[in-house]
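For reference, the structure is listed below as structure tokens.
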2 protein chains.
Amino acid sequence: MSKCEQCIVRQFSSLKALGKDELLRMAECKTSYTIKKGEPIFEEGEVTNGIYCIKDGVCKLSKLSDNGKDQIVKLVKPGELLGQRSMISDEPANLSAVALEDMEVCFIPRTEVMQFFTQNNQFSMNVMRTICDDLKGADDHMVNMAQKNVRQRLAETLIYLEETFGKNEDDTLRIQLSREELAGMIGTATESCIRLLSELNKSGYIELIGKKIKLLDKNKLKRLS
Amino acid sequence: MSKCEQCIVRQFSSLKALGKDELLRMAECKTSYTIKKGEPIFEEGEVTNGIYCIKDGVCKLSKLSDNGKDQIVKLVKPGELLGQRSMISDEPANLSAVALEDMEVCFIPRTEVMQFFTQNNQFSMNVMRTICDDLKGADDHMVNMAQKNVRQRLAETLIYLEETFGKNEDDTLRIQLSREELAGMIGTATESCIRLLSELNKSGYIELIGKKIKLLDKNKLKRLS
DNA sequence: CTCAAAATATGATAATTGTCATACATTTTT
DNA sequence: AAAAATGTATGACAATTATCATATTTTGAG
């Protein structure tokens with residue numbers, strides 16, 4: 001059983017407010033998992049009963065729409081927590097969490113987190129701020145979905161992916177999404193997504209190297225979006 | 001200066017957790033406003049420095065998109081609070097709040113609310129739950145915006161409006177939105193909205209009586225959405 | 001390595017939606 | 001009451017996007 005004190009999640013998440021004794025307690029009751037690319041951490045409707053700390057790997061939070069398509073609501077990266085909203089609302093998960101890469105996560109039971117939550121004011125304030133940020137992000141995202149066309153949303157998403165998850169040595173996007181997943185992020189049909197990628201490729205905005213994507217002119221892309 | 005004890009907002013919002021002494025303090029520092037239909041309570045980007053209690057009347061929360069159109073994110077009705085997220089994040093408002101009807105609201109300064117927030121655990125828990133509900137609502141809304149077409153979103157919105165704000169004696173929707181505002185809710189061009197209303201009218205789903213809308217067959221509408 | 005399955009790509013076409021023009025109705029101002 | 005302004009409605013058309021069909025390429029199992 002490893003310590004929580006040096007963990008990346010502690011440094012970047014609400015957990016940074018926890019003291020030494022709290023970290024020790026947490027280290028004792030936590031469960032560590034490795035999750036393979038494509039596997040779920042939890043599914044929409046599932047009772048999670050705790051929060052997950054993302055130590056390594058990126059996952060998608062998505063929701064199945066009535067039309068059978070999976071809409072990706074958010075991507076979550078190492079250092080972040082999952083399941084905070086469900087814990088506070090005391091509700092089943094509203095979204096599914098599925099690994100986009102091999103992941104390392106820790107699970108901390110609800111009972112434990114709620115203790116920190118009521119006893120440690122700074123911690124609860126941090127959690128709340130995170131949820132507020134999510135709310136702001138969701139509102140903004142919604143406006144984009146409603147008001148921008150697919151090309152604009154694609155351009156915006158590509159820039160977001162590069163800025164958030166960085167580039168490989170060959171300047172391609174480090175985060176690897178299938179065309180279907182990319183379509184699920186921008187909210188369109190897979191074919192439309194592929195077609196627009198081709199178009200951006202031909203007009204020199206991006207370069208397609210196999211399944212990898214390189215942004216050639218971020219400023220031009222920004223003007224598109 | 002009226003008391004807060006019997007106020008509708010106290011009964012329905014996070015404020016129900018406040019005790020007698022807290023309500024007295026609040027009554028002393030609050031400011032009451034009447035706001036005319038069409039006037040803003042606050043605008044996107046404005047520093048609000050407190051929360052608003054909606055005593056009477058409905059308002060829209062909207063955000064200006066890059067393309068110049070106003071997207072309505074949420075409607076807020078009597079008994080609810082405004083500005084909780086901004087208060088906790090300590091940020092300017094992300095959305096504008098504009099009255100859809102004549103309104104009565106009270107303003108409570110940030111300093112006062114934050115005192116309740118740190119001293120009264122039940123109150124802060126209530127606020128948090130509200131924000132969590134908003135987050136869930138925003139995520140769900142986003143999925144609808146991304147995955148449903150305009151006709152489905154219109155049908156869904158009409159049902160929402162009837163179920164949330166009720167009907168007049170003639171069975172028309174009580175809440176009165178302009179076509180432009182309705183278009184702003186479903187995220188489409190005003191003309192498209194008008195056209196689809198006409199179409200639903202002709203096919204017997206709804207009846208248009210001047211600017212008023214009557215839902216004729218809610219089940220058929222539900223199947224549409 | 002080889003074959004089957006899955007993912008990516010593209011064409012053809014239809015459906016949806018946006019835009020601009022214009023007409024008509026309602027509200028507000030003078 | 002007339003005129004102007006605003007909101008609603010509709011037609012014509014263009015642009016966008018979805019759907020279905022079908023290659024082509026890549027991946028993974030055996």
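By convention in this document, chain letters (A, B, ...) are assigned in the order of the sequence lines, proteins followed by strands, and residues within each chain are numbered from 1.
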Mapping A:Ala146 and A:Arg179 onto DNA chain C by nearest heavy atom, which one lands closer to the 5' end?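 First, find each residue's nearest nucleotide; the 5'-ward one identifies A:Arg179.
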Closest-nucleotide ordering on DNA chain C, the 5'-leading residue of A:Ser178 and B:Lys69: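 Going by which nucleotide is closer to the 5' end, it is A:Ser178.
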Can any side-chain N or O of [X] pair as donor or acceptor with the backbone N or O of [Y] at less than 3.5 Å?
| X | Y | result |
| --- | --- | --- |
| A:Arg174 | A:Gly166 | no |
| B:Ser192 | B:Thr188 | no |
| B:Ser225 | B:Lys222 | yes |
| B:Arg129 | A:Ile88 | yes |

Just the rounded figure in Å: distance from [atom2] of [N] to [atom1] of [X].
| X | N | atom1 | atom2 | answer |
| --- | --- | --- | --- | --- |
| B:Lys212 | C:dT27 | NZ | P | 11 Å |
| B:Gln176 | C:dT26 | CD | P | 13 Å |
| A:Glu181 | C:dA7 | CD | P | 10 Å |
| B:Leu196 | D:dT8 | CG | P | 15 Å |
| A:Leu208 | C:dA9 | CG | P | 6 Å |
| A:Gln152 | C:dT17 | CD | P | 17 Å |
| A:Lys37 | C:dA6 | NZ | P | 16 Å |

For B:Ser13, what residues pass the side-chain hydrogen bond (donor to acceptor under 3.5 Å, both in side chains) criterion, not counting sequence neighbours?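 Partners of B:Ser13 under the side-chain hydrogen bond (donor to acceptor under 3.5 Å, both in side chains) test: none.
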Could you tabulate the donor-acceptor pairs under 3.5 Å formed by side-chain atoms of residues 154-161 of chain A, not counting sequence neighbours?
unit_1, atom_1, unit_2, atom_2, d
A:Glu156, OE1, A:Asn144, ND2, 3.4
A:Glu156, OE2, A:Asn144, ND2, 3.2
A:Glu156, OE2, A:Lys148, NZ, 3.2
A:Thr157, OG1, A:Arg153, O, 2.7

In residues 213-225 of chain B, which ones come under 4.0 Å of DNA chain D, going by heavy atoms?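 Hits under 4.0 Å, by residue number: none.
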I'd like to know if A:Lys69 pairs up with A:Glu180 as an ion pair, taking the criterion as any Lys NZ or Arg NE/NH1/NH2 lying under 4.0 Å from an Asp or Glu carboxylate oxygen.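 Salt bridge between A:Lys69 and A:Glu180, a charged N being under 4.0 Å from a carboxylate O: no.
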Report, as a single string ordered 5' to 3', how protein heavy atoms within less than 4.0 Å touch nucleotides 25-30 of chain D: B base, S sugar-phosphate only, - not at all. -SS---
Summarise protein proximity over nucleotides 10-16 of chain D in one line of letters, 5' to 3': B for base, S for sugar-phosphate only, - for none, counting protein heavy atoms closer than 4.0 Å. BBB----
Is A:Lys148 touching bases, backbone alone, or none of the nucleic acid, heavy atoms closer than 4.0 Å?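 Nothing, no heavy atom under 4.0 Å.
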Compute the bend angle of the helix from C:dC1-D:dG30 to C:dT30-D:dA1 from the end axes (five pairs per end), rounded to 10°.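 Terminal axis comparison yields 50°.
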For B:Leu95, which of B:Val73, B:Leu82, B:Ile72 qualifies under side chain to side chain contact (heavy atoms under 4.5 Å, CB included)?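 So the option named by the test is B:Val73.
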